[in-house]
Amino acid sequence: MRTRVRGWRWRHNPLRRRSDLLEAWIALAVAVLLCVGAPLVGAVAGLWAHERARSVATVERAERHMVRAVVVGNTPEQLPSAEGGDREHAYQTDVRWTEPGRGTKTALARVPAGTRAGDTVDVWFDRRGHGVAPPPDEVAVWQHTVTVGLCGTGGAAAVVLLGHGVVRRVALRHRLAEWEQEWARTGPDWTRGRA
């Protein structure tokens, strides 16, 4: 049965090598970086992404306008669906609306799946009159924020763990080289009497 002694690398004893103490400090640093550093990186990345996404959404809201329009173009009977999903997809068709003082307009715009000719829908246009997707709402901004934050945390953790793996490999090579040198000094004493 093997007994585990906690903290043996921190205690002073004649069998502890410098590499053992260094490995203990590295393990502590890795634990702190994983528990504090990676989430902090994720939080900073998320905050940055949130501000950026909000500013993009604000600009898009200013550049785009919504109109209530009637679908006048042909609509597909059945849209191709993604495998395993029943998500509704938008498609483009002709819509018509009336602007006060400007008359009736017709344009190609994105409409939700399942829309039929004669249905009234909300469509978005940019300043040039092209049909565009609606600007991101607050939910989309928060989804982007959380995604970037989680990716930042995961990326920081991956970098820490990759660095730890490299340091451990270098430490192992160094330790094996030290053992070879020690054995070169003590090996002849152990094998001399048996030869």
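Residue numbers count from 1 along this sequence.
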Between CH2 of Trp142 and CG of Asp137, what distance do you get to the nearest 0.5 Å? 13.5 Å
Could you go through the side-chain contact (heavy atoms from CB on, under 4.5 Å) check for Arg116 and Val71 one step at a time? CA-CA 7 Å; Arg116 304 269 182 233; Val71 176; over 6 Å; no
Interatomic spacing from OG1 in Thr115 to CZ in Arg110 - rounded to 0.5 Å: 12.0 Å
Take atom CD in Glu180; do more than 12 heavy atoms of anything else shown fall under 6.0 Å from it? no
Closer than 3.5 angstrom, by distance alone: can the side chain of Arg61 be matched with the main-chain N or O of Pro136 as a donor-acceptor pair? yes
Assess whether atom CH2 of Trp183 is packed by more than 12 heavy atoms of other residues, nucleotides or ligands within 6.0 Å. yes
Is Val72 reachable from Leu108 through a run of hydrophobic residues whose side-chain heavy atoms are each under 4.5 Å from the next? no
Please find the pair of heavy atoms, one from Val67 and one from Phe125, that lie closest to each other, and give the distance. CG2-CE1, 3.5 Å
When rounded to the nearest 0.5 angstrom, what distance separates OG1 in Thr153 from CG in Leu34? 11.0 Å
Residue pair Ala109 / Val95: nearest heavy atoms and the distance that separates them: CB-CG2, 3.7 Å
Shared hydrophobic cluster for Val167 and Leu161 (ILVMFWY, side-chain gaps under 4.5 Å): yes
Is it true that Ile26 and Leu21 fall in one hydrophobic cluster, defined by side-chain heavy atoms closer than 4.5 Å? no
Spacing of Arg175 atom CZ and Glu178 atom CD [to the nearest 0.5 Å]: 8.5 Å
At what distance, to the nearest 0.5 angstrom, does CD of Gln92 lie from NE2 of His130? 10.5 Å
Do you know which two heavy atoms are closest between Val30 and His164, and how far apart they sit? CG2-CD2, 3.4 Å
Single-linkage hydrophobic cluster Trp97~Trp124, side-chain heavy atoms < 4.5 angstrom: no
For atom CZ of Arg68, is the number of surrounding heavy atoms from other residues, nucleotides or ligands below 6.0 Å larger than 12? yes
Is there a path of hydrophobic side-chain contacts, each under 4.5 Å between heavy atoms of I/L/V/M/F/W/Y residues, joining Leu22 to Val160? yes
Going from CD on Glu63 to CZ on Arg128, what distance comes out if it is rounded to the nearest 0.5 angstrom? 9.0 Å
Closest contact, heavy atoms only, Pro39 versus Cys35: CG-O, 3.4 Å
Is His50 close to Val141 at the side-chain level, that is, under 4.5 Å between some pair of heavy atoms? yes
Smallest separation among heavy atoms of Ala107 and Gly129, with atom names: CB-O, 4.5 Å
Contact summary for Ala45 and Val148, nearest pair of heavy atoms: O-CG1, 3.6 Å
